[in-house]
Enquirer: 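Quick one: this structure, given as structure tokens, is what I'll be asking you about.
These numbers come from a predicted model, not from an experiment.
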Amino acid sequence: MSDLRDRSGRGRRAARPEATASGRRSAPATTGVARHGRLKSGGAVRAVTKVVAASVAVLLVSGASVGAIAAYQVRSDLGDGVELQAAQGETTKPAPPSISEYEGGFNILVVGTDNDASQDQGAFGERDATLNDVNILLHVSADHTNATAVSIPRDMVVPIPSCAKEDGSGYYSAMSARPINEAYSYGGLSCVASTVSSLTGLDIPFAGMISFNGVIEMSNAIGGVPVCAATPIKDRYTGLDIPAGETVLSGADALAFLRTRHGVGDGSDLGRISSQQVYLSSLLRTVKSADTLSNPTKLYSLARAAASNMTLSDQLTKIDTMVQIGLALRDLPLDAVNFVQYPGTTGGSGVYENKVQPDEAVATQLFDAIANDVPFSIPEGSTGIGSENTATGDGGAATQAPAAPVETAAPAQTAAPADTAAPTDPGSGASTTPPTTEVIEGLTGQTAADQTCSVAFGSN
């Protein structure tokens, strides 16, 4: 089996040869998510029953933010409190340090699992193994002006490093080419984080994990998420059945929408990711809307749903860290939050047969831009096979906002004549002309501000 070479050249150790491994309306009533038994190798059942709990991406952009807002709401309700003055002869204790925004940029990985211990086996069937079927990496820029959430296709074939066994008994062997959704079975959440870090060249200090039940509770807590379908979408495998237009989804219906693969795009996981981004962008708009932010009950419910349905890495369980991250994310404008898909193609041979092959050239551009906080944009007409932009109806945005807007100094009061040089900062003399935004050809996705609709299977 041929090795995958390091896309970025960022210090990846050589992998050992692989061993064989195993109009708004409420959603119509459904009969629930399709039931199925133990997954079998090959066959359509295995292909359609893996989890697509992609709503967890919103926890990256809003979960911590909601937690911070809820915390400050409680603090506000308590008032200023009573100042404890020092008694005579005693030294006044120093005031505790104030909590400010997280300093610098950071990365958070959110993993959606299938066959979590809390999963309802009666509703979703018994699985042979727990798989990390949703892997979304959020990068927040150093100046906290923009964020990029990268969805990695579950069937993408990547190297898996030598991960520590969860019981501390040693390490699994490194493998050169396995589907990324197997990483969890070789060391749990930490192995998924190591695999994604190796793939992207980015450090991942924070990670969280959620399953089917968490997705259901999150959608219920927010009061439902409006999603748009360009045409009616039906999927007998997940029980999804929604009409054309806008439908508000919650509970099992929201989960069915996120899980549907055969109902959207070309029936592939790549089409499903772009359809999921329709939901994710709408969910973020809903979370940041005045109706949510001014509703303490919703805020509290959403914070509780996130806290009680996620497994977090140790560094992310610290309250001060969560609040710092929340403060850093709170004021992000919608058009500065990009949902993109890790570049990849289907139709390959060898280890890539019936899987997704990374597009290393496009991936290099994407992650170099992310690592260096360089502004980039998504080409027009590139929301992906599973969605289309409502402004164009052709699968592309009419105007794509930069992923990383850059703040510039205010121009001088007097406008410069047309034949003069570019304006400069009076203090430093530096040019205030915004840098050219790089368009990454071959990249698919959308901003959270883009109004998009899912495209039914066979519509393209």
Enquirer: Quick one: does S197's side chain have a donor or acceptor within less than 3.5 Å of a partner on L202's backbone?
Expert: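 Yes, S197 side chain to L202 backbone: donor-acceptor pair under 3.5 Å.
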Enquirer: Under 3.5 Å, side chain of R272 to main-chain N/O of G267, donor-acceptor pair present?
Expert: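 No.
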Enquirer: Mark yes or no for whether S194, through its side chain, and S190, through its backbone, hold a donor-acceptor pair below 3.5 Å.
Expert: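 Looks like yes, one N/O pair under 3.5 Å.
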Enquirer: Show, in sequence, the C-alpha distance, side-chain angles and deciding distance for V439 and S377, and conclude whether the side-chain contact (heavy atoms from CB on, under 4.5 Å) test is met.
Expert: CA-CA 5 Å; V439 178; S377 62; 3.3 Å; yes
Enquirer: I need the Y279 OH to T286 OG1 distance, nearest 0.5 Å.
Expert: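 Result: 8.5 Å between the selected atoms.
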Enquirer: Between S281 and Q446, does the side-chain hydrogen bond (donor to acceptor under 3.5 Å, both in side chains) criterion hold? Intermediate values first, please.
Expert: CA-CA 8 Å; S281 59; Q446 66 170 89; 3.0 Å; yes
Enquirer: Walk me through whether I222 and L283 qualify under side-chain contact (heavy atoms from CB on, under 4.5 Å).
Expert: CA-CA 9 Å; I222 203 66; L283 179 52; 4.1 Å; yes
Enquirer: From D450 CG over to N389 CG, what is the distance, rounded to the nearest 0.5 angstrom?
Expert: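 The CG atom of N389 is 5.5 Å from CG of D450, to the nearest 0.5 Å.
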Enquirer: Below 30° counts as parallel, above 60° as perpendicular, anything between as tilted: where do the rings of H262 and Y237 land?
Expert: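 Because their plane-to-plane angle lies in the 30° to 60° range, the rings of H262 and Y237 count as tilted.
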Enquirer: If you measure from CD on Q357 to CE on M156, what distance do you get to the nearest 0.5 Å?
Expert: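 Here the interatomic distance stands at 9.0 Å.
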Enquirer: Applying side-chain hydrogen bond (donor to acceptor under 3.5 Å, both in side chains), run through Q277 and Q341 and close with a yes or a no.
Expert: CA-CA 9 Å; Q277 290 170 350; Q341 180 176 291; 5.8 Å; no
Enquirer: So which atom in G263 and which in D235 form the shortest heavy-atom distance, rounded to 0.1 Å?
Expert: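 Reported closest heavy-atom pair: N-OD2, 3.9 Å.
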Enquirer: Rounded to the nearest 0.5 Å, what separates atom CZ in R261 from atom CG in L240?
Expert: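 Spacing of CZ (R261) from CG (L240) equals 15.5 Å.
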Enquirer: Any side-chain to backbone donor/acceptor pair from N132 onto I180? Under 3.5 Å, distance only.
Expert: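 Answer holds: yes.
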Enquirer: Okay, side chain of D155, backbone of V356: is any donor-acceptor separation there less than 3.5 Å?
Expert: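 Not at all, since once roles are kept as given, no pair shorter than 3.5 Å links the two residues.
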Enquirer: Can you tell me which residue among S185, C191, S176, S173 is in a side-chain contact (heavy atoms from CB on, under 4.5 Å) with I160?
Expert: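 Exactly one pass, corresponding to C191.
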Enquirer: With a 4.5 Å limit on heavy-atom distance, are the side chains of L109 and I136 in contact?
Expert: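 They are not in contact (no side-chain heavy atoms under 4.5 Å apart), so the answer is no.
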Enquirer: Please check: side-chain N/O of N372 versus main-chain N/O of V374, any donor-acceptor pairing under 3.5 Å?
Expert: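 No: the side chain of N372 does not pair with the backbone of V374.
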Enquirer: Between I440 and I378, is there a side-chain heavy-atom distance shorter than 4.5 Å?
Expert: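 No. Closest side-chain heavy atoms not under 4.5 Å.
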Enquirer: Would you mind reporting whether V455 and T231 have side-chain heavy atoms less than 4.5 Å apart?
Expert: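 When only atoms from C-beta onward are counted, V455 and T231 do not touch, as no gap falls below 4.5 Å.
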Enquirer: Determine whether a donor-acceptor pair (N or O, by modelled atom type, separation under 3.5 Å) exists between the side chain of S274 and the backbone of G271.
Expert: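 Present.
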Enquirer: Is there side-chain contact between V225 and V248, with at least one heavy-atom pair below 4.5 Å?
Expert: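 V225 does not reach V248 side chain to side chain.
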Enquirer: Looking at P226, is its backbone amide N or carbonyl O close enough to the side chain of S282 to form a donor-acceptor pair, meaning the two atoms are under 3.5 Å apart?
Expert: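 Side chain of S282 to backbone of P226, a donor-acceptor pair under 3.5 Å: yes, one is there.
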Enquirer: Under 3.5 Å, is there a donor-acceptor pair between the side chain of T260 and the main chain of A256?
Expert: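 Not at all, since once roles are kept as given, no pair shorter than 3.5 Å links the two residues.
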Enquirer: Indicate the atoms forming the closest heavy-atom contact of A230 with E388, along with that distance.
Expert: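 Closest pair (atom of A230, atom of E388, distance): CB-OE2, 3.6 Å.
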Enquirer: Identify the heavy atoms of T195 and P161 that sit nearest to each other, and give their distance.
Expert: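 Answer, listing the atom of T195 first, then P161: OG1-CD, 3.4 Å.
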Enquirer: Is there side-chain contact between L312 and F206, with heavy atoms separated by less than 4.5 Å?
Expert: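 They are not in contact (no side-chain heavy atoms under 4.5 Å apart), so the answer is no.
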Enquirer: Would you check, one step at a time, whether the test side-chain contact (heavy atoms from CB on, under 4.5 Å) holds for M209 with Y184?
Expert: CA-CA 11 Å; M209 182 172 63; Y184 187 87; 3.3 Å; yes
Enquirer: Taking side chain to side chain donor-acceptor pair (under 3.5 Å) as the criterion, tell me which of D373, N338, T200, T148 meets it with H139.
Expert: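 Of all the options given, the one that passes is D373.
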Enquirer: Given the rule in the side-chain contact (heavy atoms from CB on, under 4.5 Å) test, do F257 and V227 qualify, once you have shown the distances and angles that lead to the verdict?
Expert: CA-CA 9 Å; F257 180 86; V227 298; 4.2 Å; yes
Enquirer: Does the side chain of L332 come within less than 4.5 Å of H144's, by heavy atoms?
Expert: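 Contact flag for H144/L332 side chains = no.
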Enquirer: Which residue, D269, N135, D133, forms the side chain to side chain donor-acceptor pair (under 3.5 Å) with N181?
Expert: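 Option passing the side chain to side chain donor-acceptor pair (under 3.5 Å) with N181: D133.
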Enquirer: Roughly how far, to the nearest 0.5 Å, is OG1 of T447 from CG of N146?
Expert: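 Here the interatomic distance stands at 12.0 Å.
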Enquirer: Indicate the atoms forming the closest heavy-atom contact of V196 with I204, along with that distance.
Expert: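 Nearest pair, atom of V196 first, then I204: CG1-CD1, 3.7 Å.
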Enquirer: Less than 4.5 Å apart, side chain to side chain, heavy atoms only: is that true for T247 and D253?
Expert: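 No, side chains not in contact.
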Enquirer: Quick one: closest heavy-atom pair of L270 and G344, and the distance?
Expert: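 So the two residues come closest at CD1-O, 4.1 Å.
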Enquirer: Measuring from M218:CE to N213:CG, what's the distance to the nearest 0.5 Å?
Expert: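 M218 CE to N213 CG: 13.5 Å, rounded to 0.5 Å.
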Enquirer: What's the shortest heavy-atom distance between T145 and A336, and which atoms?
Expert: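 Looks like O-CB, 3.3 Å.
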Enquirer: Are Y342 and F367 close enough, and set up right, to give a ring pair (Phe, Tyr, Trp, His ring centres under 6.0 Å), and what steps lead you there?
Expert: CA-CA 10 Å; Y342 190 106; F367 289 102; 5.4 Å; yes
Enquirer: Is it the case that the side chain of N107 and the backbone of D203 share a donor-acceptor pair, with hydrogens and angles ignored and the cut-off at 3.5 Å?
Expert: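 At least one qualifying donor-acceptor pair exists.
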Enquirer: Hey, are the side chains of T383 and T444 touching, using non-hydrogen atoms and a 4.5 Å cut-off?
Expert: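 The answer is no, as the side chains (C-beta and beyond) never meet within the 4.5 Å cut-off.
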